[in-house]
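Here the structure is laid out as structure tokens; the discussion comes afterwards.
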Amino acid sequence: MSMSTGKKIAIGLGVAGGALLAAWLLTGSRKKKTQEFFTKKVNDVKEGWKKQQSSSSDDSDINYV
């Protein structure tokens, strides 16, 4: 299957837009704020993952009928 030219252009614009946004967020005074934001979000995800893992390990001794 081949993609239409319109789809290729849309994907290219999306990728370019994402790259421009990342460049803008990581320049000047926004860099520190952006890094703090992502660090906080990553830590939140890690805590959620740990909670999920610990709660799922409690179910290991359940006997299925």
Side-chain angles (χ1 to χ4, degrees):
M1 285 189 201
S2 64
M3 292 186 357
S4 68
T5 304
K7 287 182 183 179
K8 289 179 184 177
I9 291 172
I11 291 171
L13 288 175
V15 170
L20 286 173
L21 177 63
W24 180 76
L25 286 172
L26 295 173
T27 56
S29 63
R30 293 175 298 276
K31 182 176 182 175
K32 184 175 181 180
K33 291 179 184 177
T34 302
Q35 287 175 338
E36 290 171 355
F37 174 79
F38 279 109
T39 300
K40 182 182 181 304
K41 292 298 177 184
V42 167
N43 288 335
D44 290 347
V45 169
K46 284 181 181 179
E47 288 176 18
W49 180 255
K50 287 179 184 177
K51 287 180 184 177
Q52 183 182 11
Q53 291 298 321
S54 66
S55 67
S56 66
S57 66
D58 296 339
D59 298 336
S60 62
D61 59 344
I62 295 176
N63 295 324
Y64 294 97
V65 179

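Note that this is a predicted model, so its numbers are computed, not measured.
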With sequence neighbours excluded, give me every salt bridge (Lys or Arg N to Asp or Glu O under 4.0 Å) pair touching residues 37-48. Lys40-Asp44
Who else is in the cluster with Phe38 when I, L, V, M, F, W and Y are joined by side-chain contacts under 4.5 Å? Phe37
Not counting sequence neighbours, which residues clear side chain to side chain contact (heavy atoms under 4.5 Å, CB included) with Leu26? List them please. Thr34
Residues pairing under side chain to side chain donor-acceptor pair (under 3.5 Å) where one sits in residues 7-18, two or more places apart or in two chains, turn out to be none
Pairs in or reaching into residues 16-31: which pass side chain to side chain donor-acceptor pair (under 3.5 Å), with residues at least two apart or in two chains? Thr27-Arg30
